[in-house]
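If you're wondering where the values come from, they're calculated on a predicted model, not measured in any experiment.
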Amino acid sequence: MDDISTLTLRDGTQVPRLGQGTWHLGEKPSDRKAELKALRTGIEHGLTLIDTAEMYGEGCSEQLVGEAISSYDRNKIFLVSKVYPWNAGEDRIFKACRDSLRRMKTDYIDMYLLHWRGSVPLEETAACMEELVHRGWIRRWGVSNMDMEDLEELWEAPTGHCCQTNQVLYHLASRGVETVLLPWMRKHDMALMAHCPLAQGGSLRSSLLRNPILKQLAYEKDCTVFQLMIAFLMSDPTVIAIPRTGNASHAEENAVAAKIQITGNEMTLLNKVFPAPQHRCPLEIV
Ligand SMILES: NC(=O)c1ccc[n+]([C@@H]2O[C@H](COP(=O)([O-])OP(=O)(O)OC[C@H]3O[C@@H](n4cnc5c(N)ncnc54)[C@H](OP(=O)(O)O)[C@@H]3O)[C@@H](O)[C@H]2O)c1
């Protein structure tokens, strides 16, 4: 396996800073073979952190992940999955987690996330997460799509400070998290997991891919614009990125991107073309 730079979580665990997303994977039987190959190619190249959710294909993604990791030493894989907000209370979370474990054919999840905030009180979800840790079903937990006020409220809950990550949308053309959320998370030693690192879908992506300055910079660095987007996120040692691909060559390219260094001058250029906002803006969601 290639060496991917790591980040140390608050509990001392080292995790690779580049992993693999799996949204929309596992949904089409005709793509299954290629998707398994892509995930396994990623793992072979060090992308051993794999992100999934009970929501993705209503369990199909978790099943695919379970199959993809079955031939590897489980201890070498860092599995992230997410619980629906309406399953995140004491009446449903234990069944939801057990179902995820069954689909992935594993007996623990490395990081279990609340997918987004719903109507279950954060205090209740935090207590349930700690109970799941106590039972050994999950090793640690975090949240997703939470802005600073939600995190502050969570922090006030009796076990809220045990939350170790917040997974939010972050990519080169969407840098709102840099204003207040990312500094708050750094201060509280909470890793940021960047979802949609390649700006999947929508007009932003096509404008990014067509951007002449980005294309020129990629050409000069002998990489693709996608790799540059990953390298941008990797330049912050407190960030983990989880690009998704169902294509083995892309998985390999993504792993290579973890090693691309962006120089000071190049970062100045990127900041000019894709500046972080000056003022706080609402957290982007998909
Ligand atoms: N917590 C949340 O609410 C939330 C929300 C969204 C996403 N996520 C997580 O974050 C992961 C990543 O986000 P995402 O799936 O929305 O999108 P993404 O990673 O930003 O983009 C995925 C797209 O990029 C393409 N791609 C990947 N590598 C490429 C490469 N090297 N060259 C060219 N194209 C490439 C993929 O197509 P190919 O398959 O053809 O390569 C796919 O169309 C998800 O899969 C999921 O695990 C979490």
Less than 4.0 angstrom from a charged side-chain N to a carboxylate O is my criterion; do E131 and R135 meet it? yes
State, without any angle test, whether T52 and S61 hold a side-chain donor-acceptor pair at a distance under 3.5 Å. yes
Distance, nearest 0.5 Å, that separates CG of L217 from CG of N265: 10.5 Å
Minimal non-hydrogen separation, P85 against H115, with atom names: CD-CB, 4.4 Å
For residues 25-36, which residue pairs qualify under side-chain hydrogen bond (donor to acceptor under 3.5 Å, both in side chains), counting only residues two or more places apart or in two chains? R32-E67
Distance-only side-chain donor-acceptor flag, N87 / E54, under 3.5 Å: yes
Using links of under 4.5 Å between side-chain heavy atoms of ILVMFWY residues, direct or through other members, which residues join I240 in one cluster? L7, L9, V15, L49, F78, V80, M111, L113, M193, I242
Tell me which pairs pass ring pair (Phe, Tyr, Trp, His ring centres under 6.0 Å) where either residue lies in residues 119-167, with sequence neighbours left out. W155-W184, W155-H188
Enumerate, atom names and distances included, each donor-acceptor pair closer than 3.5 Å involving a side-chain atom of residues 204-211, sequence neighbours excluded.
residue: R205; atom: NE; partner: L198; partner atom: O; Å: 3.2
residue: R205; atom: NH2; partner: L198; partner atom: O; Å: 3.3
residue: S206; atom: OG; partner: S203; partner atom: O; Å: 3.1
residue: S207; atom: OG; partner: S203; partner atom: O; Å: 3.1
residue: S207; atom: OG; partner: L204; partner atom: O; Å: 2.9
residue: N211; atom: OD1; partner: I213; partner atom: N; Å: 3.0
residue: N211; atom: OD1; partner: L214; partner atom: N; Å: 2.9

Checking T238 now: which residues fulfil side-chain hydrogen bond (donor to acceptor under 3.5 Å, both in side chains) with it, not counting sequence neighbours? R186, D236
Per side chain to side chain contact (heavy atoms under 4.5 Å, CB included), Q20 is matched among L47, D51, T48 by L47
Hey, mind stepping through T106 and R74 against side-chain hydrogen bond (donor to acceptor under 3.5 Å, both in side chains) and telling me if it holds? CA-CA 8 Å; T106 186; R74 175 67 185 84; 2.8 Å; yes
Please collect all salt bridge (Lys or Arg N to Asp or Glu O under 4.0 Å) contacts where either partner lies in residues 8-22, sequence neighbours excluded, each pair once. D11-R140
Tracing side-chain links under 4.5 Å among I, L, V, M, F, W and Y, which residues wind up in one group with M55? W23, Y56, Y84, W86, W116, L169, V286
Without hydrogens or angle criteria, can the side chains of H195 and N145 be said to hold a donor-acceptor pair below 3.5 Å? yes
For residues 271-278, tabulate all N or O donor-acceptor pairs below 3.5 Å that involve a side-chain atom, not counting sequence neighbours.
residue: N271; atom: OD1; partner: R175; partner atom: NH1; Å: 2.9
residue: N271; atom: OD1; partner: R175; partner atom: NH2; Å: 2.9
residue: N271; atom: ND2; partner: M267; partner atom: O; Å: 3.3

Under the salt bridge (charged side-chain N to carboxylate O under 4.0 Å, His left out) rule, collect the residues that match up with E149, sequence neighbours excluded. R280
Tightest non-hydrogen contact, residues I138 and C97, listed as CG2-SG, 3.8 Å
Sequence neighbours excluded, the answer for side-chain hydrogen bond (donor to acceptor under 3.5 Å, both in side chains) partners of T159 is none
Indicate whether the side chain of E284 and that of Y170 have a donor and an acceptor atom separated by less than 3.5 Å. no
E62 with R102: basic N within carboxylate O range, under 4.0 Å: no
Nearest heavy-atom neighbours spanning H171 and C196: CD2-O, 3.3 Å
Over all heavy atoms of both residues, which pair between L151 and M185 is shortest? Give the atoms and the distance, please. CD1-CG, 3.9 Å
Any idea which heavy atoms bring G26 and C60 closest together, and the distance? O-CB, 3.1 Å
With N166, which residues qualify under side-chain hydrogen bond (donor to acceptor under 3.5 Å, both in side chains), at least two apart? none
Got a sec, which hydrophobics cluster with Y108, joining ILVMFWY side chains under 4.5 Å apart, including via others? none
